[in-house]
Amino acid sequence: MPISVGVLTISDRCSRGEAEDSSGPVIRQWVLDHLGAEVRLQGTVPDERGQIKAILVAWSDEEGVDLIVTTGGTGFSPRDVTPEATREVIEREAPGLAEAMRWEGLKKTPHAMLSRAVAGIRGRTLIVNLPGSPRAVREGLDVLLPALPHGIEILSGAHGADQRHEYEKSAS
C-alpha cells in the first residue's frame, strides 16, 4: 500500500491568491517520484497558528495520512509560526529529522541555521516542516529520503508486527 501524504503550504500571500505556490507542487512531485506515495490532501493556509493546527489535527486524526509535509513559516519573521503550531499538535518530537536537514543545509548556506523547522509524530502520522523555497524543499526531502520509508513503516505498526511474528516463530 503506498504511503499517503498531505502537503500543506503555509503562506499569507499564497492563501490570499497574491502569489503562486511554488513549493507545494515540488513536494507533491518529489513524494510521487521518490516514495511512490499517494498525495491524498493538499492545501494552503495563512500563517495563522490556529488554522495550521486545525489542519494538522484533521489530516492526522480524521484523514489518517501517513506523512504530512509542510512548507513555509519556519523562519524568523514574526508571522512564521509553523514550528509552534506543529509542536502544539505533535505527541513526540523527531528532532533528528530537522537536525539532519539543517546540518546538510549548512554545507550550502549559513542561512540554514536560521531554520526553526521541527518534525514529530501525532498518532501514526509523521509531520515534517520544510522551509518555503522550492530549492530548500528539494534539498530537505533529499536528506530525509533514506529514513522516511522506514520511519513511516514503523509508525504504521507493520514493522513491529513483523518483529513480533519473527520473535514468536523463533521462540517456539
Side-chain angles (χ1 to χ4, degrees), residues 3-12 14-15 21 23-24 26-28 30-31 34-35 37 39 41-156:
I3 294 169
S4 61
V5 179
V7 178
L8 182 61
T9 300
I10 295 119
S11 167
D12 288 332
C14 289
S15 69
D21 175 13
S23 295
V26 169
I27 296 169
R28 178 184 192 81
W30 190 95
V31 300
H34 294 88
L35 295 178
V39 178
L41 302 162
Q42 189 161 357
T44 303
V45 294
D47 292 279
E48 294 292 340
R49 199 180 211 158
Q51 289 183 44
I52 298 165
K53 287 170 41 178
I55 289 182
L56 295 177
V57 168
W59 288 6
S60 298
D61 298 1
E62 296 163 26
E63 299 294 335
V65 295
D66 300 311
L67 172 66
I68 298 172
V69 183
T70 71
T71 177
T74 62
F76 279 21
S77 168
R79 297 274 306 146
D80 289 339
V81 296
T82 303
E84 289 75 19
T86 302
R87 277 193 182 97
E88 288 182 30
V89 301
I90 61 175
E91 296 157 345
R92 298 180 289 154
E93 279 200 50
L97 300 175
E99 291 165 4
M101 289 188 295
R102 277 188 283 276
W103 180 255
E104 283 299 313
L106 277 169
K107 295 176 183 177
K108 296 173 178 80
T109 175
H111 296 151
M113 70 178 84
L114 301 177
S115 172
R116 298 179 318 102
V118 299
I121 300 162
R122 178 178 179 89
R124 294 191 180 268
T125 302
L126 176 62
I127 302 171
V128 178
N129 299 157
L130 295 174
S133 82
R135 188 181 105 208
V137 162
R138 273 188 219 91
E139 291 172 356
L141 289 169
D142 286 345
V143 169
L144 300 179
L145 179 59
L148 278 180
H150 183 64
I152 292 166
E153 179 185 9
I154 292 169
L155 277 177
S156 75

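Bear in mind that the values here come from a model prediction, so they are computed numbers and not experimental data.
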- Task: Please collect all side chain to side chain donor-acceptor pair (under 3.5 Å) contacts where either partner lies in residues 126-136, sequence neighbours excluded, each pair once.
- Result: Thr70-Asn129, Thr86-Asn129, Arg135-Glu139
Closest heavy-atom pair and its distance - [X], [Y]:
{"X": "Trp59", "Y": "Ile68", "result": "CB-CD1, 3.6 Å"}
{"X": "Ser23", "Y": "Pro134", "result": "OG-N, 3.3 Å"}
{"X": "Thr44", "Y": "Leu8", "result": "N-CD1, 4.3 Å"}

- Would you please name every residue forming a salt bridge (charged side-chain N to carboxylate O under 4.0 Å, His left out) with Arg138, sequence neighbours left out?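 Not a single residue meets the salt bridge (charged side-chain N to carboxylate O under 4.0 Å, His left out) criterion with Arg138.
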- Message: Using the salt bridge (charged side-chain N to carboxylate O under 4.0 Å, His left out) criterion, which residues pair with Arg79? Sequence neighbours excluded.
- Response: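 Partners of Arg79 under the salt bridge (charged side-chain N to carboxylate O under 4.0 Å, His left out) test: Asp12, Glu48.
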For [X], what residues pass the side chain to side chain contact (heavy atoms under 4.5 Å, CB included) criterion, not counting sequence neighbours?
{"X": "Asp142", "answer": "Trp30"}
{"X": "Val89", "answer": "Lys53, Leu56, Val57, Arg122, Ile127"}
{"X": "Pro149", "answer": "Leu35"}
{"X": "Ser11", "answer": "Thr9, Arg13, Cys14"}

Distance in Å, [X] [atom1] paired with [Y] [atom2], rounded so as to fall on 0.5 Å steps:
{"X": "Leu155", "Y": "Leu126", "atom1": "CG", "atom2": "CG", "answer": "6.0 Å"}
{"X": "Thr125", "Y": "Asp61", "atom1": "OG1", "atom2": "CG", "answer": "7.5 Å"}
{"X": "Ser4", "Y": "Ile152", "atom1": "OG", "atom2": "CD1", "answer": "8.5 Å"}
{"X": "Ile10", "Y": "Ile52", "atom1": "CD1", "atom2": "CD1", "answer": "4.5 Å"}
{"X": "Leu148", "Y": "Ile3", "atom1": "CG", "atom2": "CD1", "answer": "7.5 Å"}

- Check whether any side-chain heavy atom of Leu141 lies under 4.5 Å from a side-chain heavy atom of Leu130, and answer yes or no.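 Contact flag for Leu141/Leu130 side chains = yes.
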- Taking only residues two or more places apart in sequence or in another chain, which ones pass side chain to side chain donor-acceptor pair (under 3.5 Å) with Gln51? none
Hey, can you pull the donor-acceptor pairs under 3.5 Å for the side chains in residues 99-106, sequence neighbours left out?
unit_1: Arg102; atom_1: NH1; unit_2: Ser115; atom_2: O; d: 3.2
unit_1: Arg102; atom_1: NH1; unit_2: Ala117; atom_2: O; d: 3.0
unit_1: Glu104; atom_1: OE2; unit_2: Lys107; atom_2: NZ; d: 2.8

- Counting distance only, does the side-chain N/O of Thr82 pair as donor-acceptor with the main-chain N or O of Gly72 below 3.5 Å? yes
